[in-house]
Every structure is written in C-alpha cells, then in structure tokens.
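To start, the structure under review is shown below, and the notes come after it.
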Protein chains: 2
Amino acid sequence: MSKPIGSTPPSLRRLNASALLRHALGSDVFTASDAMASTGLSRATVIGLCDELVERGWLEELADTRGDDYRLGRPARRYTLRDRAGLLVGVDAAPHHVTTIVADLRGAVVERVTRRLDPDAVTPDERRAFVASVVDDALDAAGAVDADVLSCVVAVPAPTDAEGASPYGRGGWWASMNPGYAQEFAARGWQVVVENDANLAALAERALGEGRNVPSFATLLSGERFGAGFVVNDRLVRGSRGATGEMHVLELVSDVGSADGLGLLARKWVREAREAGELPAGSVLARLPLDELQAPAVFAAADAGDAAALAIVERLAERLARIAAILAGILDVDRMIVAGAVAPSVGLLLERARPYLERFSRPSAPDLVASTLGDSVVGLGAVTRALDLVREDPLSFSPAEPVQAGAEAP
Amino acid sequence: MSKPIGSTPPSLRRLNASALLRHALGSDVFTASDAMASTGLSRATVIGLCDELVERGWLEELADTRGDDYRLGRPARRYTLRDRAGLLVGVDAAPHHVTTIVADLRGAVVERVTRRLDPDAVTPDERRAFVASVVDDALDAAGAVDADVLSCVVAVPAPTDAEGASPYGRGGWWASMNPGYAQEFAARGWQVVVENDANLAALAERALGEGRNVPSFATLLSGERFGAGFVVNDRLVRGSRGATGEMHVLELVSDVGSADGLGLLARKWVREAREAGELPAGSVLARLPLDELQAPAVFAAADAGDAAALAIVERLAERLARIAAILAGILDVDRMIVAGAVAPSVGLLLERARPYLERFSRPSAPDLVASTLGDSVVGLGAVTRALDLVREDPLSFSPAEPVQAGAEAP
DNA sequence: CGACTTGCTTCAGGGTCTAAATATAGGTTA
DNA sequence: TAACCTATATTTAGACCCTGAAGCAAGTCG
C-alpha cells in the first residue's frame, strides 16, 4: 500500500480525498467527471484519488463500465462506495424498549432489532448489558462482526455531555438511563456518541423526514413526555448539556402545563373522564377495556366523530399549540414537526391545533406537521448521526478488510 | 507586488495566510516563532507569508527588533498588525438614538459618536440619512475616509434576513427601523451586515463582557422591550429571520406577561402606584417630578431601602426570573446576562430574582448577572461582529493604502 | 471500416511546503 | 577585545501535489 494519505499536517491531498469521499457517500455510482464537477479538481487528480481510495477499501470500481444514460465516446470508469466498507449502528435506548438499527454507509437500513424491557426490573448495569446484547443480536443478524462497524450512536432519554455521560439531576433517573454506553461501545473500537433522543429525532427529520430543506425547524417528541430537538440555521442546537428542549421548566408556567406528552395526557384525560362518569353511554370509549384506553384509541374515536374523544383532542390541540407557539416564537423556526409513536395518528389533532397556533404566534405561525417516520425516528436519527460522524472526516476511519489487491513482491 | 496569494483554487497558501492573519489579529506584536507555534508552519513558510502580508499592507515590521522578554541569540524580527490597515464601523440604530463606533482591527475603539432623534418625527428615508450622517461624523472625527473602512455592521431593533432587510410584521414598524441600511453602506464598498440588536449584544458579551469563556449563555436586552440573544455552544443562534429571542409570544402566556422590558415596567408601575395614591408619604418616589419618575429612580430608591420601590423591584424580580427560567430551560444555557442601559443599576433586582430563578429552574438554575458594558453593548456588539467578518476570511478584504515599498523599475 | 466522441494516461511545469545547512546579529565570557 | 554561544534568518535541495496539454484508448455511428 502506498504511503498514508496526508502524512504532513496541512495536506491538500487529505482534504481532497475527504471531499471526494463525501461525494461518494452522497451519490450512488459516479464517474470521474461527476467527481470533477463536485470537487473542482482535475481529472488526473480525481482518478489518482479514486485509485488510492479503492486500494484502501473505501471504493470499488464497477465491472460494467458504461451506465445507460449516454452512449457516445469511451465509456467512463464507474466507482461506487464499497458496500460493506463499514457499518453504522444506531441505538434507541428508551426506558421500555431498545431498538438497534444497523445501516450501511449510504444510510440504508440493513437490520433492525427491537426488544422490550421493564424499566423497574433492571439495574443500570443490567440495562447496559441488555442494550449491548440487542446490538450483538442485530450485528449477528446482519452477518457482521464488531470490526465491521465504524461508528455507533446511542439515543438516551436524558441530557448528555461531551463525553456522552448524563451525570445530572432528576434523582439519578437520567444517569440510570445512560449507564456508561460510551465506554461500553468505545471498548469495541467504535467511534461512539451518546446523545439525547429528541436531538437525534430532529436529525432524522432533517435527513429523511419533514425537515428536509427546511433551514430551521423543531421536532417535538411527544409520547410520555415532551422533548424537543431544534435545528436552527441548519445546525442542531444542543446546549451545554444537550438539554435544549428538555421542557421541565414549562411545568411552572400556567396555561402551558406540565411537560407531559400527548400520549400520557390522552390516556390520563380519557380515564379521568370515564371514572368521573362523564363519557356518554354511546361513546366507544365508555366500553373499551381499560388497558386499551390509550392515546391511539382516543385519536381513532375522534377520527370517527366521537364527541367525548373530540373534546379531549381539542384540549390537547390547544396545549400543543401553546407549546409550539412558545418554542417557535423564541427560536424563530419555520416548522414544528410532531414525531414519535403517536405521529401517525395526530392528523386531526394538528388540524385542530392550527387555528390556536395561528392565534398564539407573532408575527407568523410556523407550519405544524406530523412526522412520517413513526416510532423509528429516534433510531433513524441515531444512524443518521453515526453517518454524519463518518462524513465529517471519513479518512479518520479505516474501512473493514481492505481489498487484497494482487500481492506485490517486495 | 507579487502574484496574488492563492491563485489556483484549492490554495494551501491562502489558507495559511488567513491563519497567520488571524494570529496577527489576535496578538499584539509577534515573531516568526510565535506564528510557527500558532499555525504549525515552518519558519521559512511563516517568514515568506509575513513578507507577503507586509507587502500587501496587512502587517508592518517593527524597527526595534528585540523585545524585552529575552536576551540571548539573534534578535527576532517582530511583526504587528498595521495600525490603520483598516477600520471597522459599528452602528447602533435604535429608535431614539444612533451611536456609531469606529474601531481598529484590534477592536480598540477609535471614535464614538451619539446623536438623538425623535422616532415620530422622521420618515424612513430621513432615518437612513440621519444614520449615514452620524457615521460620516464619526469617520471625520477619526480622520478617516470611506476607503479606510473594511466592514460595517448595523444593529436594528428588528429581525433581519440574510440580505439585511426586515420585511416583516408589526405593522411596518420593523421595516421602518431598517430602511435599507444594507444598500446604503454597501454602496460605499464596505462589507455590510444588518443584524438584530439583541443578537449583537450577545456577541459583545461573548467577546468583551460576561459571556467570555461561557459556552452557552443568553443576553437579555431589557429596556423598553425584552429581546434576547442566544449563544449556544459558542455559536450565535439567530433563526430564520434573526428573530430568535423576539419575545412577543410571551405576551400570550399568563404569569409571564408581556414582552415589556424592565425599564418600561418600572416606570409604568411606579406611576400607577403614584396615581393610585399607594405611595407612602415618606417615599422619595412620591415627591419626584413626574419626568424623573423612571426606572433609574426606582432602582436607586430601592437601593436606599424605600419600601414602595422595593415592592416594585420584587415584582420585577419574579417576572424576570420567570422569563430567565424559561429561556435558560429551553435552550440549556449556563448564564443569563441582563444588558442594556439599565444594567448598571439592576444589582438589587438580580439579587431578589435569584431565589425565584432557583425555584423555577430544573434541574439547575443558570447564573444571573448584570452586563458591565452599559448602554454601549449593542454598538460594541456591532463592531465585534464587524471584526468577526474580517477574521472569517481576512484575505477577501484589501487593506487601505498598501505600503509603497521602494519603487521597483520594471 | 473510418470518423467521431469521450474518457484515460502520461508528462512537463509550477506552486508550496519542509528539513537541513549555512549565515547573521547580537549577547556572554575569558 | 576576541572567542564563543544562542536564537533567529536565509538559502537550497527535495518532496508533494496539483494542473493543463498532448496523445492514446475504447467505444458509437454512419
């Protein structure tokens, strides 16, 4: 193998190689001409870099040299990212369940494994081991080993610091939700980031969802508790502890209410109504078994026109609008994205919330939309971030098992 | 003069020259060895770059070659930023007054001119002309001409977009506060930025005030209306329209109140109390002429122990604490800085606000401090930003009147 | 099959950096 | 005062890496 790219500090070669690799990460198959346009380098340079990146295992040259989009002239050599040059691992380590997504360097999901756990039945150490086992299962299912992985991002329902730890308040709950994932996975030789779940949800929306091409938006993760992730001027705003969007302060502002999420409130309110005997006999909500009396049932009943459900939705709508107006007003974002497991069923809720939002917003109201990423937002955000880690400085990673080009005699 | 630095696109030379120039902007006098340590370049390269930057008018070489800090060895050549290589202009274009600060490339204030105007007595065009005339006066006083200026930043009490315009709501008031400053000054060949005043105040605090070395903080500009500027993770968060921190939405949240600022509220409440006859006869506030019954008088009376003034301060304290808690909680900042003309007199107010803030904050309360920059914050923020513009890419500017080195025969 | 089109390869040239050798401008010391 | 010492300046050779131009190669088209 040739001398490592960019041995001396300011190396142009290294910068150019990174730029080329970023181009490769962002495109499917490409030719030297494509890369020339994208990087501004000359053909000779691009081809030299491609050769080197092939040798190092990042790229491979395709056999079928000509694509179908043109016919004249000498066919261009075509390169593409090597399929298994490296894998990315994204983990959603939520209180009640753990999801691991394994993706390739293009961000395509290779494997996805979810397992539930009882948050009250595990110690922090057991939780960490559980998460590790889910990751192992996902890698096994993908036919991969630790060495295939370049980076790993873990989403936790807690603020995190630069080291990926959560040594903060809430009576140790935050720390118990983040029992040393950073060390756990760094020990495998991976580049690891541990990040707040709402922040990662925002990154998923930017890359794959409703945040595409929106320079400033907020993502409201709104199941049991509200949590917000902000992308402002195309940049994630995470704060000192990654606690931007932790909305516990809202508990203290009347008319805005607690930081309770839509899922929790819908369940609570419908049960209160039933216990108080306020549900009309005709309502489906009066007959459901208690353990099915949850947010999805309420939203479904409202969609079907049930008056009691509609009343609850209306209350939720006003509350959501207040929170959205405050966040959007303070941070000057253009769009609010409601994400999480409830997202697919909040259509009517958002419809009802928009007039309130219009009224509460100065000078103009943001868009209010539902995420299309369902309950995978956080996991997808984690792999998105893992991919970003690679994109930031690809050459700091070594791809798995470089190609053994024809062995050269010394 | 030699060929322009960095003629071919990816030029390392240009990057290195910029890095060296940034070093020069941040240090007083420096030697090649200093620059080598700062940039990582070799001596030969550094000296080559210094020669070139001297030739182009950015640097000058000092005559006294040896400083006093060492004695042995060959004395090092010493360089420094050329004093008048360029000037920076910062303008605080507030409703009632216009301040222009002229500074040199080290950020040192060279000249400062303030003039008052009556916001109701001028058309937008007249306002623009007025601001331009204040700038002219300041430059005249500094003995400078337009060509000496590299960049100019104008602070306006309005949101601004990327082009420096304010085509937004509030019944045209915002637009009237920003009547085309960008074009006005760009026509002089200056690099111009028009930015919201609270955002610039935050930049001033970061560079010169209570925000130094604090990675995340907010600056509350709190005279007639509240406006906030946020620096999170060492980066200004300005939002789509630069309207981050416009707090009109707070008008709709009860217990938090309007976006009225401390100055306005103190005046309003003390006058209400007097009209309602609630001021005890012993209070100094009962005897002051009405036009002196303003925030400073209230704060001064409170400092002296006046009970009526203390009651007002207590009310202000709770309100300030609520706003601070919400902003700090949502954005996860470590410190709130109260800035503006009232800043020097809010000591007691902040003292009273801290217990409230402690109570309202989860998990931990931010620092609450008063700015030390007084009523110059905004103007200083504008020059700070103007200097940042130069720092970002120094070589895109041409310093004024380059040195005429010994004329070479062609 | 030859003309044509497009991409590749090679090579000379130039810009820029570094490392090492050498020169220089002072102090320090005998 | 002269020899020495130190830290810096200057010069030089060499390496790296990019570009542009010229020529070669691999296809399609008529």
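Numbered from 1 within each chain, the chains take letters A, B, ... in sequence-line order. Nothing here was measured: the structure is a model prediction, and the numbers come from that model.
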List the atom pairs, donor and acceptor, that lie under 3.5 Å between side-chain atoms in residues 380-390 of chain A and the rest of the protein, sequence neighbours left out.
{"from": "A/Thr384", "atom 1": "OG1", "to": "A/Leu380", "atom 2": "O", "distance (Å)": "2.7"}

Tell me the interatomic distance from [X], atom [atom1], to [N], atom [atom2], rounded to whole angstroms.
X	N	atom1	atom2	result
A/Leu12	C/dC17	CG	C1'	10 Å
B/Arg13	C/dT18	CZ	C1'	13 Å
A/Met36	D/dC18	CE	C1'	13 Å
B/Asp34	D/dA7	CG	C1'	13 Å
A/Leu15	C/dT16	CG	P	15 Å
A/Leu49	D/dC16	CG	P	15 Å
A/Arg14	C/dC17	CZ	P	19 Å

Pairs where residues 20-44 of chain A contributes a residue and the test salt bridge (charged side-chain N to carboxylate O under 4.0 Å, His left out) is met, not counting sequence neighbours:
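Passing the test, one end in residues 20-44 of chain A: A/Asp28-A/Arg106.
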Contact under 4.0 Å: A/Asn16 side-chain N or O vs D/dC18 OP1/OP2:
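Yes.
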N/O (side chain, A/Thr45) to phosphate O (OP1/OP2, D/dT19) under 4.0 Å =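 Affirmative; the distance criterion is met.
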According to ring-ring contact (aromatic ring centres under 6.0 Å, His included), who are the partners of A/Phe217, at least two apart in sequence or on a separate chain?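 None.
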ring-ring contact (aromatic ring centres under 6.0 Å, His included) filter on B/Trp190, not counting sequence neighbours, yields B/Phe185
Are the side chains of B/Arg14 and B/Ser396 in contact, using a 4.5 Å heavy-atom criterion?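 Result yes, sub-4.5 Å side-chain heavy-atom pair found.
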Give me, pair by pair, the N or O atoms of the protein and of nucleotides 6-13 of chain C that are less than 3.5 Å apart, along with how far apart they are.
{"from": "C/dT6", "atom 1": "O2", "to": "A/Arg74", "atom 2": "N", "distance (Å)": "2.8"}
{"from": "C/dG7", "atom 1": "O4'", "to": "A/Arg74", "atom 2": "O", "distance (Å)": "3.4"}
{"from": "C/dG7", "atom 1": "N2", "to": "A/Arg74", "atom 2": "NH1", "distance (Å)": "2.8"}
{"from": "C/dC8", "atom 1": "OP1", "to": "A/Arg77", "atom 2": "N", "distance (Å)": "3.0"}
{"from": "C/dC8", "atom 1": "OP2", "to": "A/Arg43", "atom 2": "NE", "distance (Å)": "2.8"}
{"from": "C/dC8", "atom 1": "OP2", "to": "A/Arg43", "atom 2": "NH2", "distance (Å)": "3.3"}
{"from": "C/dC8", "atom 1": "O4'", "to": "A/Arg74", "atom 2": "NH1", "distance (Å)": "3.4"}
{"from": "C/dC8", "atom 1": "O3'", "to": "A/Arg77", "atom 2": "NH1", "distance (Å)": "3.3"}
{"from": "C/dT9", "atom 1": "OP1", "to": "A/Arg74", "atom 2": "NH2", "distance (Å)": "3.4"}
{"from": "C/dT9", "atom 1": "OP2", "to": "A/Arg77", "atom 2": "NH1", "distance (Å)": "3.0"}

For B/Asp51, the side chain to side chain contact (heavy atoms under 4.5 Å, CB included) test, sequence neighbours excluded, returns B/Ile47, B/Arg77, B/Tyr79
